[in-house]
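All remarks here apply to the structure that follows.
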Amino acid sequence: MPTHTVIDPAILYFGTPVALLSTVDRDGETNTAPMSSVFWLGQTALLGMGARSLTAQNLLDTGECVINLPTAELVDAVDRIALTTGHMPVPPGKALVGYRYEPDKINRAGLHSRPGDTVRAERIDECPVNLEARIVHSRPLEKDDPADGDTFIFEARITRVHVHESIRVKGSKNRIDPNLWRPLIMNFQRFYGLGDELHPSRLAQTDEEWYR
Ligand SMILES: Cc1cc2nc3c(=O)[nH]c(=O)nc-3n(C[C@H](O)[C@H](O)[C@H](O)COP(=O)(O)O)c2cc1C
């Protein structure tokens, strides 16, 4: 039996999908940031964003966003806008580790976009999944967390889902084929893809419509 060792890791980034999160400010100016603190409950996404990001500020101000999900193939575009911020001036802590100001990250990443149908934030054409959403609740992390006040949790209600035909189950209206959807994963600050399907899944015997 392997033994465990008690450690105190500075980060707990055990592997989550990367999103390019587009937001909009009060003047209608858009901003996009790579992020990966995201998961879904029903038709709601839970997003974690640092309070000093322009993204968090925009979400608090206007509550509109698009969660764009890149494939593993788009890793180079995502990495091109790592260590950038739309926040001017660059917060001192970020400047210290090499962040720079970048007002047009979508263009800088070599990507293309258009406004959402239900929100003004930008949908990215190259990302096979665009989830338009509105913030319905937000709060800072509890005070007993060492990152208190530094990180916000946003509850984002999905208002429209756009997908590339290439990831849809052929002949179905609403299903995504997990063999065709290849997310980009951030695992302890590094990029990975998914391997092949490992094992038959008992959970997958449940019709997806049951969850609706
Ligand atoms: C792959 C990747 C994942 C990231 N995940 C997050 C995240 O989940 N939450 C967060 O606050 N910042 C995350 N960041 C850092 C933000 O992109 C960074 O704070 C950025 O400056 C925010 O941009 P903004 O100030 O224009 O909103 C991530 C960066 C990369 C490259």
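Below, all heavy atoms of this structure are taken into account, side chains as well, without hydrogens, waters or symmetry copies. Counting from 1, the numbers follow the sequence of the chain as shown. All values derive from a computational prediction rather than experimental measurement. Numbering of ligands and ligand atoms starts at 1, following listing order.
Salt bridge present: Glu209 and Arg212 bring a charged side-chain N and a carboxylate O closer than 4.0 Å. In summary, Asp177 and Arg168 do not engage in a salt bridge, as defined by a charged side-chain N under 4.0 Å from a carboxylate O.
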Side chain to side chain donor-acceptor pair (under 3.5 Å) evaluation trace for Thr30 with Glu122: CA-CA 7 Å; Thr30 68; Glu122 297 281 300; 4.7 Å; no
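Annotation: atom 4 (C) of ligand 1 to nearest protein heavy atom, Met35 CA, 3.4 Å. Of the protein's non-hydrogen atoms, the one nearest atom 31 (C) of ligand 1 is Ala82 CB, 3.7 Å. Annotation: atom 15 (C) of ligand 1 to nearest protein heavy atom, Tyr99 OH, 3.8 Å. Considering only non-hydrogen protein atoms, atom 12 (N) of ligand 1 sits nearest to Met49 CE, 4.0 Å. The protein heavy-atom contact nearest to atom 9 (N) of ligand 1 is Gly48 O, 3.1 Å. Nearest protein heavy-atom contact of atom 25 (O) of ligand 1 is Thr85 OG1, 2.6 Å. Protein heavy atom in closest approach to atom 27 (O) of ligand 1: Thr55 OG1, 2.5 Å. Atom 30 (C) of ligand 1 has its closest protein heavy atom at Pro34 CB, 3.8 Å.
Residue-ligand proximity, Lys105 to ligand 1, at heavy-atom distances under 4.0 Å covers atoms 23 (O), 24 (P), 26 (O). Near Thr84, meaning under 4.0 Å from one of its heavy atoms, ligand 1 places the atoms 20 (C), 21 (O), 23 (O). Atoms of ligand 1 lying under 4.0 Å from any heavy atom of Gly50, numbered from 1 in the order shown and given with element: 10 (C), 11 (O). For ligand 1 and Ala33, the ligand atoms under 4.0 Å from any heavy atom of the residue are 22 (C), 23 (O), 27 (O). Using a 4.0 Å cut-off to heavy atoms of Asn31, the atoms of ligand 1 that qualify are 24 (P), 26 (O), 27 (O).
The side-chain heavy atoms of Val38 and Thr16, taken from C-beta on, include no pair separated by under 4.5 Å.
No heavy atom of Gln189 sits closer than 4.0 Å to any atom of ligand 1.
Looking at ligand 1, you won't find any N or O of Thr32 less than 3.5 Å from one of its N or O atoms. Every N/O-N/O distance between Phe191 and ligand 1 stays at or above 3.5 Å. For ligand 1, the polar-atom distance check against Ser37 finds a nitrogen or oxygen pair separated by under 3.5 Å. Polar contact check, Gly86 against ligand 1: a nitrogen or oxygen pair lies under 3.5 Å apart.
Residues Tyr192 and Asn187 share a closest heavy-atom pair of CD1-CB, 3.5 Å. Annotation for Ser113 and Asp125: closest pair N-OD2, 4.0 Å, computed over non-hydrogen atoms. Across all their heavy atoms, Lys170 and Ser166 have their closest contact at NZ-O, 4.3 Å.
By the 30° and 60° cut-offs, the orientation of the rings of Phe188 relative to Phe14 is perpendicular.
Neither side chain, Thr23 nor Thr55, offers a donor N or O lying under 3.5 Å from an acceptor on the other. Donor-acceptor pairing under 3.5 Å is lacking for the side chains of Asp25 and Asn58.
Rounded to the nearest 0.5 angstrom, Thr71 OG1 and Glu126 CD are separated by 10.0 Å.
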